Amino acid sequence: MIDNTVYIISYKTNGKYNPILKDSKNRFKTQNFKIKVIEGYNLKDYPNMKRSEVVYKNFQKALMELKTNPNNDGFFISEDDSYLNDGITFEFLRDRIKAIRGYKSKVIRIGYQKVLKSGINQYVVGTQLIWIPQTKIKAIDTEMRNNRPQHLDGFLSKRREMDVILLDEREQMVNKNKKVEEIEHY
């Protein structure tokens, strides 16, 4: 079963979540998702954390929470600046994911901005929306703990043994029909 909850990682400043989160939450709700916000790290509160590490560490924090819910095939994890395009509903994504052979063992990058390198050295920019199968959470968590925090883009691009794939790469990159956009920051 693919649950329609999306775990959105955001951060607080002075006790309030990033204002951009409101737009993302509203759009996910409109597209038939339930929302669960995971409070990530704010760089202002962690001056020793590098800018290149924060998304990686926030992703690790989300994985810790997901490990406690083993009843689903997998989970949607989103950044707080993600905006689903028209027609990209939970039902659409559920059906697209289920159509992928072996989807229960593949990390699926749904929202991404561009592919910089193709082939074996593929490097993909963007982690706006990712589907993580339940079967991979423990392995990803272990691998992340055994590596130096880095740009999450790079981590997911290098890890072939995790079987990370792009959803509808040709459709999104060549035909410019993106599933998820990045909301411009205020």
Side-chain angles (χ1 to χ4, degrees), residues 4-63 65-66 75-94 96-97 107-118 122-132 149-158 164-186:
N4 71 330
T5 302
V6 61
Y7 293 80
I8 302 176
I9 303 169
S10 191
Y11 63 90
K12 288 183 178 178
T13 302
N14 299 322
K16 294 183 180 179
Y17 276 110
N18 181 5
I20 211 165
L21 173 63
K22 181 181 174 188
D23 295 334
S24 182
K25 282 174 60 175
N26 288 340
R27 184 59 170 187
F28 274 107
K29 283 179 186 174
T30 301
Q31 305 300 74
N32 300 329
F33 279 88
K34 291 186 280 182
I35 311 298
K36 175 120 172 87
V37 178
I38 296 175
E39 185 178 349
Y41 299 102
N42 182 342
L43 286 173
K44 292 177 183 171
D45 297 331
Y46 295 88
N48 294 331
M49 189 181 297
K50 295 178 185 171
R51 190 169 189 67
S52 62
E53 299 174 346
V54 71
V55 176
Y56 185 94
K57 290 187 175 194
N58 284 342
F59 192 77
Q60 279 183 299
K61 202 172 190 182
L63 288 177
E65 188 160 330
L66 298 179
F75 304 91
F76 293 96
I77 300 177
S78 175
E79 294 181 356
D80 63 358
D81 62 355
S82 298
Y83 190 85
L84 296 172
N85 278 323
D86 292 338
I88 309 303
T89 63
F90 163 72
E91 294 79 11
F92 172 84
L93 290 176
R94 177 198 61 209
R96 285 296 303 123
I97 289 168
V107 175
I108 303 171
R109 292 175 77 168
I110 300 165
Y112 48 94
Q113 296 153 333
K114 57 187 165 187
V115 177
L116 294 180
K117 296 179 186 174
S118 294
Q122 186 177 48
Y123 190 93
V124 180
V125 176
T127 55
Q128 278 70 42
L129 183 61
I130 301 171
W131 190 78
I132 305 289
Q150 58 194 283
H151 285 285
L152 188 59
D153 297 344
F155 176 78
L156 292 173
S157 292
K158 296 175 195 170
V164 179
I165 65 168
L166 303 179
L167 182 65
D168 301 332
E169 179 179 1
R170 180 168 178 73
E171 183 70 17
Q172 292 200 69
M173 294 295 99
V174 176
N175 297 338
K176 306 293 185 207
N177 291 324
K178 294 203 173 199
K179 310 283 188 242
V180 183
E181 297 290 342
E182 185 176 22
I183 301 170
E184 288 189 37
H185 292 258
Y186 302 137

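Because the structure is predicted, anything quoted here is derived from the model rather than measured.
Annotation: the span from Tyr11 atom OH to Lys16 atom NZ amounts to 14.5 Å, rounded to 0.5 Å. Distance check, rounded to the nearest 0.5 Å: OG of Ser78 to CG of Leu21 gives 9.0 Å. In this structure, Leu66 CG and Lys61 NZ are separated by 13.5 Å, a value rounded to the nearest 0.5 Å. We find the CG-CG distance between Asn177 and Asp168 to be 9.5 Å, quoted to the nearest 0.5 Å. Rounded to the nearest 0.5 Å, atoms CG (Leu43) and NZ (Lys57) are 10.0 Å apart. Distance check, rounded to the nearest 0.5 Å: CD1 of Ile77 to OG1 of Thr127 gives 10.0 Å.
No option in Asn58, Asp81, Asp80 other than Asp80 meets the side-chain hydrogen bond (donor to acceptor under 3.5 Å, both in side chains) test with Ser10.
Minimum interatomic distance between Glu53 and Met49 (heavy atoms only, all atoms of both residues): OE1-CG, 3.9 Å. Taking every heavy atom of both residues into account, Met173 and Lys114 meet most closely at SD-CA, 3.5 Å. Shortest non-hydrogen contact noted between Thr30 and Asn26 is OG1-O, 2.8 Å. Across all their heavy atoms, Leu84 and Arg27 have their closest contact at O-NE, 2.7 Å.
Residues that satisfy the side chain to side chain contact (heavy atoms under 4.5 Å, CB included) test with Leu166, not counting sequence neighbours, are Arg109, Tyr112, Val115, Gln122, Val124, Glu169. For Lys25, the salt bridge (Lys or Arg N to Asp or Glu O under 4.0 Å) criterion is met by no residue, not counting sequence neighbours. Taking the side chain to side chain contact (heavy atoms under 4.5 Å, CB included) definition, one finds that Glu181 meets it with Asn85, Lys178, sequence neighbours left out. Judged as a side chain to side chain contact (heavy atoms under 4.5 Å, CB included), and not counting sequence neighbours, the contacts of Ile165 are Ile100, Lys106, Ile108, Asp163. Contacts of Phe90 classified as side chain to side chain contact (heavy atoms under 4.5 Å, CB included), with partners at least two apart in sequence or in another chain: Ile2, Asn4, Asn32, Phe33, Phe76, Arg94.
Residues Ile88 and Ile110 are not in side-chain contact: their nearest non-hydrogen atoms beyond the backbone lie 4.5 Å or more apart. Side-chain atoms of Thr5 and Ile35, non-hydrogen and from C-beta on, never get closer than 4.5 Å to each other. Leu129 is not listed as a side-chain neighbour of Lys179, based on a closest heavy-atom distance of 4.5 Å or more. When side chains are defined from C-beta on, Ile130 does not count as touching Val164, because their heavy atoms never get closer than 4.5 Å. Using a 4.5 Å cut-off on side-chain heavy atoms (C-beta onward), Ile132 and Phe59 make contact.
A distance-only check finds a donor-acceptor pair linking the side chain of Ser82 to the backbone of Glu79 [under 3.5 Å]. The backbone N or O of Gln31 sits nowhere less than 3.5 Å from a side-chain atom of Thr89 that would complete a donor-acceptor pair.
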With side-chain contact (heavy atoms from CB on, under 4.5 Å) as the test, would you mind laying out the steps for Leu167 and Leu93 before giving the verdict?
-> CA-CA 9 Å; Leu167 182 65; Leu93 290 176; 3.9 Å; yes

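Judged as a side-chain hydrogen bond (donor to acceptor under 3.5 Å, both in side chains), the pairs with a partner in residues 36-50 (not counting sequence neighbours) are, in order, Thr13-Asn42, Lys36-Glu65.
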